[in-house]
Amino acid sequence: MGFLRRAQEKAWAQEYVKDLNIATPSLYQRVELLSGGNQQKVALAKWLCSRAKIMIFDEPTRGIDVGAKVEVFRLMNELTRRGVGIIMISSELPEIIGMSDRILVMSRGRIAGELSRDEATEERILTLAIGETAVAACDTASA
(Lines give C-alpha, C1' and ligand atoms only; values in the text may rest on other atoms or scores of the structure.)
Protein backbone atom coordinates (compact mmCIF):
# COMPACT_ATOMS: atom_id res chain seq x y z
CA MET A 1 0.00 0.00 0.00
CA GLY A 2 2.99 2.28 -0.39
CA PHE A 3 4.08 2.17 3.26
CA LEU A 4 7.59 1.24 4.28
CA ARG A 5 7.94 -1.49 6.86
CA ARG A 6 11.06 -0.32 8.65
CA ALA A 7 11.43 -3.45 10.81
CA GLN A 8 11.22 -5.74 7.76
CA GLU A 9 13.57 -3.47 5.83
CA LYS A 10 16.16 -3.60 8.63
CA ALA A 11 15.82 -7.39 9.01
CA TRP A 12 16.44 -7.92 5.29
CA ALA A 13 19.41 -5.54 5.37
CA GLN A 14 20.95 -7.46 8.27
CA GLU A 15 20.29 -10.78 6.51
CA TYR A 16 21.95 -9.70 3.26
CA VAL A 17 24.91 -7.99 4.95
CA LYS A 18 25.58 -11.33 6.63
CA ASP A 19 24.75 -13.65 3.69
CA LEU A 20 26.69 -11.61 1.12
CA ASN A 21 29.56 -10.69 3.44
CA ILE A 22 29.04 -6.99 2.77
CA ALA A 23 31.85 -5.11 4.49
CA THR A 24 30.23 -2.06 6.04
CA PRO A 25 30.71 -0.27 9.35
CA SER A 26 26.94 0.09 9.74
CA LEU A 27 23.60 -0.68 8.08
CA TYR A 28 23.26 3.07 7.65
CA GLN A 29 26.54 3.55 5.73
CA ARG A 30 26.06 5.36 2.41
CA VAL A 31 26.51 2.86 -0.41
CA GLU A 32 28.71 5.17 -2.49
CA LEU A 33 31.29 5.12 0.33
CA LEU A 34 31.69 1.32 0.12
CA SER A 35 34.20 -0.48 -2.12
CA GLY A 36 33.13 -1.38 -5.66
CA GLY A 37 32.61 -5.04 -4.75
CA ASN A 38 30.48 -4.15 -1.75
CA GLN A 39 28.46 -1.67 -3.81
CA GLN A 40 27.75 -4.48 -6.27
CA LYS A 41 26.68 -6.77 -3.43
CA VAL A 42 24.29 -4.09 -2.13
CA ALA A 43 22.75 -3.73 -5.60
CA LEU A 44 22.33 -7.50 -5.70
CA ALA A 45 20.72 -7.54 -2.26
CA LYS A 46 18.15 -4.98 -3.41
CA TRP A 47 17.14 -7.27 -6.27
CA LEU A 48 17.05 -10.31 -3.99
CA CYS A 49 14.44 -8.54 -1.86
CA SER A 50 12.06 -8.81 -4.82
CA ARG A 51 12.02 -12.62 -4.46
CA ALA A 52 12.00 -12.94 -8.27
CA LYS A 53 11.94 -16.41 -9.85
CA ILE A 54 14.25 -15.43 -12.73
CA MET A 55 17.20 -13.07 -12.42
CA ILE A 56 19.46 -11.59 -15.09
CA PHE A 57 23.09 -11.08 -14.12
CA ASP A 58 24.79 -8.83 -16.69
CA GLU A 59 28.58 -8.90 -16.22
CA PRO A 60 28.15 -9.71 -12.51
CA THR A 61 31.87 -9.78 -11.73
CA ARG A 62 33.15 -6.86 -13.80
CA GLY A 63 35.38 -4.60 -11.75
CA ILE A 64 35.34 -6.58 -8.50
CA ASP A 65 38.16 -8.42 -6.74
CA VAL A 66 38.58 -12.20 -6.66
CA GLY A 67 37.08 -12.54 -3.17
CA ALA A 68 33.94 -10.66 -4.17
CA LYS A 69 33.70 -12.80 -7.34
CA VAL A 70 33.69 -15.94 -5.22
CA GLU A 71 30.87 -14.50 -3.11
CA VAL A 72 28.81 -13.60 -6.20
CA PHE A 73 29.27 -17.10 -7.64
CA ARG A 74 28.39 -18.69 -4.28
CA LEU A 75 25.22 -16.62 -4.16
CA MET A 76 24.29 -17.51 -7.74
CA ASN A 77 24.71 -21.21 -6.95
CA GLU A 78 22.58 -20.82 -3.81
CA LEU A 79 19.85 -19.09 -5.80
CA THR A 80 19.73 -21.92 -8.33
CA ARG A 81 19.51 -24.45 -5.48
CA ARG A 82 16.44 -22.49 -4.28
CA GLY A 83 14.87 -22.80 -7.73
CA VAL A 84 15.67 -19.34 -9.08
CA GLY A 85 16.49 -19.31 -12.80
CA ILE A 86 19.53 -17.25 -13.73
CA ILE A 87 20.41 -15.74 -17.07
CA MET A 88 24.08 -14.74 -16.97
CA ILE A 89 25.52 -12.39 -19.58
CA SER A 90 29.30 -12.24 -19.51
CA SER A 91 32.28 -11.61 -21.73
CA GLU A 92 34.41 -13.78 -19.43
CA LEU A 93 34.40 -17.20 -21.13
CA PRO A 94 35.88 -19.15 -18.17
CA GLU A 95 33.08 -17.76 -15.96
CA ILE A 96 30.43 -18.68 -18.52
CA ILE A 97 31.76 -22.23 -18.88
CA GLY A 98 32.18 -22.70 -15.12
CA MET A 99 28.78 -21.34 -14.09
CA SER A 100 26.41 -22.40 -16.87
CA ASP A 101 24.29 -25.48 -17.43
CA ARG A 102 23.41 -24.26 -20.91
CA ILE A 103 25.09 -21.64 -23.07
CA LEU A 104 23.42 -19.70 -25.85
CA VAL A 105 25.92 -17.93 -28.09
CA MET A 106 24.84 -14.87 -30.00
CA SER A 107 26.32 -13.52 -33.21
CA ARG A 108 25.09 -10.54 -35.22
CA GLY A 109 22.00 -10.19 -33.00
CA ARG A 110 20.86 -13.80 -33.38
CA ILE A 111 21.35 -17.02 -31.46
CA ALA A 112 24.17 -18.76 -33.31
CA GLY A 113 24.16 -21.93 -31.25
CA GLU A 114 23.47 -23.69 -27.99
CA LEU A 115 25.98 -25.73 -26.00
CA SER A 116 25.56 -27.87 -22.89
CA ARG A 117 28.10 -27.62 -20.07
CA ASP A 118 29.78 -30.79 -21.37
CA GLU A 119 30.05 -29.48 -24.95
CA ALA A 120 31.28 -26.00 -24.05
CA THR A 121 34.86 -24.98 -24.70
CA GLU A 122 36.24 -21.51 -25.34
CA GLU A 123 37.05 -22.54 -28.93
CA ARG A 124 33.50 -23.77 -29.65
CA ILE A 125 31.95 -20.64 -28.14
CA LEU A 126 34.24 -18.34 -30.13
CA THR A 127 33.59 -20.28 -33.34
CA LEU A 128 29.84 -19.78 -32.88
CA ALA A 129 30.30 -16.11 -31.92
CA ILE A 130 32.48 -15.33 -34.91
CA GLY A 131 30.38 -17.38 -37.28
CA GLU A 132 31.26 -20.37 -39.41
CA THR A 133 31.73 -18.25 -42.55
CA ALA A 134 34.31 -16.04 -40.81
CA VAL A 135 36.21 -19.11 -39.60
CA ALA A 136 36.12 -20.66 -43.08
CA ALA A 137 37.39 -17.40 -44.61
CA CYS A 138 40.30 -17.31 -42.14
CA ASP A 139 41.16 -20.94 -42.91
CA THR A 140 41.19 -20.26 -46.68
CA ALA A 141 43.23 -17.08 -46.27
CA SER A 142 45.90 -18.87 -44.25
CA ALA A 143 46.13 -21.81 -46.72
Side-chain angles (χ1 to χ4, degrees), residues 1-139 142:
M1 294 184 55
F3 295 103
L4 294 176
R5 294 179 295 180
R6 297 278 185 208
Q8 180 65 61
E9 190 176 82
K10 185 176 180 180
W12 280 350
Q14 289 170 328
E15 173 187 337
Y16 289 121
V17 164
K18 180 178 174 255
D19 287 351
L20 299 177
N21 286 330
I22 299 172
T24 180
S26 153
L27 288 180
Y28 304 100
Q29 176 69 34
R30 292 173 52 138
V31 175
E32 60 265 17
L33 299 178
L34 299 175
S35 71
N38 285 301
Q39 288 179 15
Q40 201 150 352
K41 290 178 187 180
V42 170
L44 184 55
K46 289 178 182 182
W47 285 106
L48 292 172
C49 289
S50 73
R51 309 288 194 227
K53 293 294 179 194
I54 298 174
M55 300 191 89
I56 299 173
F57 285 72
D58 187 358
E59 299 289 351
T61 61
R62 179 176 284 159
I64 61 176
D65 64 47
V66 174
K69 284 183 183 188
V70 169
E71 289 297 321
V72 169
F73 292 146
R74 182 191 62 76
L75 173 70
M76 290 171 72
N77 285 325
E78 177 60 29
L79 288 170
T80 58
R81 277 192 286 283
R82 293 182 192 175
V84 175
I86 294 178
I87 299 169
M88 180 175 155
I89 303 164
S90 178
S91 54
E92 299 292 330
L93 291 182
E95 290 180 6
I96 292 280
I97 293 168
M99 291 296 293
S100 303
D101 294 321
R102 192 169 65 132
I103 300 167
L104 298 176
V105 181
M106 296 194 67
S107 178
R108 296 179 186 93
R110 298 182 188 272
I111 295 175
E114 178 180 337
L115 301 168
S116 70
R117 178 189 304 249
D118 296 334
E119 298 171 315
T121 64
E122 288 188 30
E123 182 179 339
R124 290 185 84 179
I125 293 170
L126 288 171
T127 299
L128 288 168
I130 293 170
E132 296 294 333
T133 54
V135 172
C138 289
D139 288 342
S142 63

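Note that the structure is a prediction, hence the values are computed from the model and not measured.
Annotation for Arg6: atom CZ does not count as buried by contact number, only 12 or fewer foreign heavy atoms lying within 6.0 Å. Other residues, nucleotides and ligands contribute at most 12 non-hydrogen atoms within 6.0 Å of the CD1 atom of Ile54.
The two residues Ala120 and Ile103 have their closest heavy-atom pair at CB-CD1, 3.5 Å.
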**OP:** Assess whether side-chain contact (heavy atoms from CB on, under 4.5 Å) is satisfied between Val42 and Thr24, documenting all intermediate values.
**Re:** CA-CA 10 Å; Val42 170; Thr24 180; over 6 Å; no

Original post:
After noting the C-alpha distance and the side-chain angles of Asn77 and Met99, does the key distance pass the side-chain contact (heavy atoms from CB on, under 4.5 Å) rule?
Top reply: CA-CA 8 Å; Asn77 285 325; Met99 291 296 293; 3.8 Å; yes

Subject >> Candidate pair Thr127 and Val105, rule side-chain contact (heavy atoms from CB on, under 4.5 Å), full reasoning >> reply: CA-CA 10 Å; Thr127 299; Val105 181; over 6 Å; no

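Between Met55 and Leu48, the closest side-chain pair of non-hydrogen atoms falls below 4.5 Å.
Annotation: salt bridge (Lys or Arg N to Asp or Glu O under 4.0 Å) contacts involving residues 115-128, sequence neighbours excluded, comprise Asp101-Arg117. Every pair passing side chain to side chain donor-acceptor pair (under 3.5 Å) that includes a residue from residues 39-54 is listed here, sequence neighbours excluded: Tyr16-Arg51. The salt bridge (Lys or Arg N to Asp or Glu O under 4.0 Å) contacts involving residues 23-38 comprise Arg30-Glu32, where partners must be two or more places apart or lie in separate chains.
Taken from CG in Leu44 to CG in Leu20, the straight-line distance is 5.5 Å, to the nearest 0.5 Å. In this structure, the separation between CG on Asn38 and CG on Leu33 is 12.0 Å, given to the nearest 0.5 Å. Interatomic distance, Leu34 CG to Ile22 CD1, rounded to the nearest 0.5 Å: 8.0 Å. Here Ile96 contributes atom CD1 and Ile125 contributes atom CD1; the two are 7.0 Å apart, rounded to the nearest 0.5 Å. Distance check, rounded to the nearest 0.5 Å: CE of Met88 to CD of Glu59 gives 8.0 Å. If you take CE on Met106 and CD1 on Ile89, they are separated by 9.5 Å, rounding to the nearest 0.5 Å.
Taking 4.0 Å as the cut-off between side-chain N and carboxylate O, Glu78 and Arg82 count as a salt-bridged pair.
In this structure, a donor-acceptor pair under 3.5 Å is absent between the side chains of Thr61 and Glu92.
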